[in-house]
Protein chains: 2
Amino acid sequence: MLEKVEPRKRRRVTSTDVAREAGVSQSVVSRAFSEDSSVAQATRARIFDVAKRLGYRQNRLARSLITSKSSIFALVTEDFANPLVHRFIASLMHILRSNDHHLLVFGTPPGDHIDSAIENALQYQVDGILVLSGSPSDSILAECHRSAVPVVILARDRGDAPATSVSCDNRYEAQRVANVLVDAGHERFAFVASRIRSLSFSLDREHGFCETILARGFDPAIVVNGESTYAGGYKAGIELLSRPDRPDAIFCSNDSMAIGVLDAARLEFGLEIPRDLSVVGFDDLPMAAWKGYDLTTVRQRIEEIVSTAAEILLDPNYLEQSAWMSRLVPGELVLRGSTRRKSAEDKASMTARRKSG
Amino acid sequence: MLEKVEPRKRRRVTSTDVAREAGVSQSVVSRAFSEDSSVAQATRARIFDVAKRLGYRQNRLARSLITSKSSIFALVTEDFANPLVHRFIASLMHILRSNDHHLLVFGTPPGDHIDSAIENALQYQVDGILVLSGSPSDSILAECHRSAVPVVILARDRGDAPATSVSCDNRYEAQRVANVLVDAGHERFAFVASRIRSLSFSLDREHGFCETILARGFDPAIVVNGESTYAGGYKAGIELLSRPDRPDAIFCSNDSMAIGVLDAARLEFGLEIPRDLSVVGFDDLPMAAWKGYDLTTVRQRIEEIVSTAAEILLDPNYLEQSAWMSRLVPGELVLRGSTRRKSAEDKASMTARRKSG
DNA sequence: CTGAAAGCGCTTACAG
DNA sequence: CTGAAAGCGCTTACAG
């Protein structure tokens, strides 16, 4: 049974209550609760006692009013269904916790522009904004800058936007995938791109892959578009494998699609992987490591991307710098069973790492 | 290039600035921005004009100080790796957006108790708290109640905790799975439970399943524990299928585990699904529908669970009620190819629905 | 080390 | 419809 709470009685315990009860001024209570303030040991102890007894808890919103720091970061994204977004959130939570910061999440309604989410975030006086998908307009970015709210665009190059970005070196990684596939003796290449425009990183991967295939002297890679899901990959797989010039190596813009291609190859065409076809994904989702797929893929170092972004946002001098940064974090090529290899390499290490970017 | 921002110049535009510029008092500006206040049409228009020109934006933290509503809900969880958590977040975002509310996310550091996350949330004057995993102590729940902050425990029965919960009817759904498997002619049953204690719903599923198997006159279901991941399921699958009394129907506490069992059966024992073994999961993650698995599972109606929770939290009278609620939302049994069926049913509808709870 | 006071940016009775 | 004033719960110079 609930004890009834009269609406008008719902007054939170404030520092003034504690002060009265402890026989000190409200300012001392405030100081007692801020680490580096001068309060006599005994006074502080007494205040803590009283606070505990009364159930006092700092009101961090009130505090932010005067410090103009809310200890809140905003994460804005257009695409909550994307599993990668969740890995970013999880990783962010981890880092922010140790800095006593918290994450306020803003999504964009389907039709809307991401600017509206950023606009919202600004109303909450966030200390920084992380953009995970969508392309903020130059004008909203300028607004953020004027309001002294740092913005970092995550997981993809910022392009021409006036903002700082931290992302995987998509182009380089795609080039590497192309080289590995060429070196292993494949001859007909395809790329499965994501149809969604907000995922501009898909383009970098496409370019890196295709330019390398050409540079190595092969016919241009076939490029098809699809939804960036398993179903989209499955469909793209059917499309590609039905062609008279069936590719023997398919690189996909992400793991979900790659797994879709893989299943299409096996279930619809009875192909054996990797004998008849090599498939490579991107991201290294947990599913990529599942025994049933054993997918070769490019791992994004999410922890590193996120901690770099957090560092930038937490840097008190960031806004006084004079240029946007574009930080590229190297990925990791994870070689698994879905790709054919030169026999010499077969017994070699399953994971190649690039140490520096 | 960044225009340099002098730290001391970083003053946000306030309603007072707008007032001065528009030649009205600050209170009128405030009223202009609150829907149902009496401001002359012309005045309001002028204020909006000036506000736009100056780049004014309401400070919602300051506002919350006086209204004592922050329009923020807290989501607290111990388990960010759980894919289900993300589906809840996505669904929540959707609902909160239409109510002009936002989500502040709190995680618990690995060793810590969920209470610390709730404690944190309270400092941010959230309008309500959604608990997604972990078991809040009675004392912290009492605190929340005293502070007039409603708490809803999601996705699992609250047990004895003094709180309201909204969850899938785990026990009933598990009973139904048991009945379906029995009806289809299976004879040796097993349940794969989650080893993690915070996932108490796993227990409800176990009980519902096991009690029904017994009630239908079969040997008790074999119960094994595992990590609630693909790898955990894979391992549990090997364990179960190596037994002399190998089960012919395995029900798993969630989809990831079920898929692990499925792969173990196929890859390690060469079994054919569902001829040699039926496997059932729980949740209906996207992967369950993948052609390569085609997993029979119990879908949680996440949207319904979340919207029910949001309704409760948004109900202004909630705290004046006199008892905790425990709302059960029916699930949906999704019959797919991983389970054998009575031949009569083979051609029948693939999805059975229970319409009301 | 402590207290009185000002102020952060709002909302909301209360008069006019 | 509008303005002056009080106040939400804090922090932070400033004196003492």
Side-chain angles (χ1 to χ4, degrees), chain A residues 8 10-48 50-51 54-72 122-127 147-148, chain B residues 7-48 50-51 54-72 122-127 147-148:
Chain A
R8 50 218 51 171
R10 285 184 212 165
R11 216 176 60 77
R12 259 96 154 174
V13 179
T14 72
S15 58
T16 310
D17 299 326
V18 176
R20 191 187 318 111
E21 193 74 8
V24 292
S25 75
Q26 182 268 331
S27 359
V28 180
V29 174
S30 173
R31 270 187 228 115
F33 280 94
S34 86
E35 303 276 290
D36 42 284
S37 287
S38 43
V39 180
Q41 277 297 334
T43 318
R44 178 172 260 138
R46 183 154 37 95
I47 290 174
F48 281 1
V50 174
L54 263 46
Y56 170 68
R57 218 175 335 260
Q58 257 185 338
N59 180 336
R60 300 199 53 168
L61 263 31
R63 158 188 256 229
S64 82
L65 197 53
I66 193 130
T67 61
S68 64
K69 309 225 109 267
S70 59
S71 300
I72 296 176
L122 288 174
Q123 295 196 332
Y124 279 96
Q125 315 300 113
V126 296
D127 290 350
S147 309
Chain B
R8 50 219 50 171
K9 284 203 187 155
R10 285 184 212 162
R11 217 175 58 77
R12 258 95 155 175
V13 179
T14 71
S15 58
T16 311
D17 300 326
V18 175
R20 190 186 321 110
E21 193 75 7
V24 293
S25 75
Q26 183 269 330
S27 359
V28 181
V29 174
S30 174
R31 271 186 229 114
F33 280 92
S34 87
E35 303 277 289
D36 42 283
S37 287
S38 42
V39 181
Q41 277 296 333
T43 317
R44 179 172 260 138
R46 183 152 39 93
I47 289 173
F48 281 1
V50 174
L54 263 45
Y56 170 68
R57 219 175 335 260
Q58 256 184 339
N59 180 336
R60 300 198 53 168
L61 262 30
R63 159 188 256 229
S64 82
L65 197 53
I66 193 130
T67 60
S68 64
K69 311 225 107 269
S70 60
S71 301
I72 296 175
L122 289 174
Q123 295 197 333
Y124 280 94
Q125 315 299 115
V126 296
D127 291 350
S147 309

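Just so we're on the same page: letters track the sequence lines, and every chain starts at 1.
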Quiz prompt | side-chain contact (heavy atoms from CB on, under 4.5 Å) partners for Ser68(A), two or more places apart | solution =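 For Ser68(A), no residue satisfies side-chain contact (heavy atoms from CB on, under 4.5 Å) once neighbours in sequence are set aside.
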
Checking the side chain of [X] only, and the main-chain atoms of [Y] only, is there a donor and an acceptor separated by less than 3.5 Å?
X: Ser15(B); Y: Val29(B); answer: no
X: Arg44(B); Y: Ala32(B); answer: yes
X: Arg46(B); Y: Ala22(B); answer: yes
X: Asp127(A); Y: Ser71(A); answer: yes
X: Thr67(A); Y: Arg63(A); answer: yes

Provide, to the nearest angstrom, the distance between the [atom1] atom belonging to [X] and the [atom2] atom belonging to [N].
X: Leu61(B); N: dC8(C); atom1: CG; atom2: C1'; answer: 11 Å
X: Gln123(B); N: dG9(D); atom1: CD; atom2: P; answer: 15 Å
X: Arg60(B); N: dC8(C); atom1: CZ; atom2: C1'; answer: 18 Å
X: Asp17(A); N: dC10(D); atom1: CG; atom2: C1'; answer: 13 Å
X: Asn59(A); N: dC8(C); atom1: CG; atom2: P; answer: 18 Å
X: Leu65(B); N: dC8(D); atom1: CG; atom2: C1'; answer: 4 Å
X: Leu122(B); N: dG9(D); atom1: CG; atom2: C1'; answer: 16 Å

Exercise. Could you check whether Thr43(B) gets within reach of a base, just the sugar-phosphate, or nothing at all, counting any heavy atom under 4.0 Å?
Key: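 Answer is sugar-phosphate: Thr43(B) comes under 4.0 Å of backbone atoms only.
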
Practice problem: Give one of base, sugar-phosphate or nothing for Arg57(A), where a contact means two heavy atoms less than 4.0 Å apart. | Solution: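 Sugar-phosphate contact only - Arg57(A) comes under 4.0 Å of backbone atoms but never of a base.
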
Self-check item: Whether Phe48(B) and Phe33(B) hold their rings parallel, tilted or perpendicular, with breakpoints at 30° and 60°
Solution: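 Correct class here is tilted.
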
Quiz item: Could you run down nucleotides 11-16 of chain C 5' to 3' and tag each one B, S or - for protein heavy-atom contact under 4.0 Å?
Solution: BBB---

Quiz item: Is there a side-chain contact between Ser147(B) and Arg57(A), using heavy atoms and a 4.5 Å cut-off?
Solution: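 Answer yes - side chains close enough.
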
Quiz item: Is any side-chain nitrogen or oxygen of Ser25(A) closer than 4.0 Å to OP1 or OP2 of dG3(C)?
Solution: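 It does, given that an N or O in the side chain of Ser25(A) lies less than 4.0 Å from OP1 or OP2 of dG3(C).
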
Practice problem: Could you provide the dot-bracket string of DNA chain C, using ( ) for intrastrand pairs, [ ] for crossing pairs and | for bases paired to another strand, with Watson-Crick or G-U pairs below 3.5 Å? | Solution: |||.||||||||.|||

Exercise. Test Asn59(B) against Arg12(B) for side chain to side chain contact (heavy atoms under 4.5 Å, CB included), laying out the working first.
Key: CA-CA 9 Å; Asn59(B) 180 336; Arg12(B) 258 95 155 175; over 6 Å; no

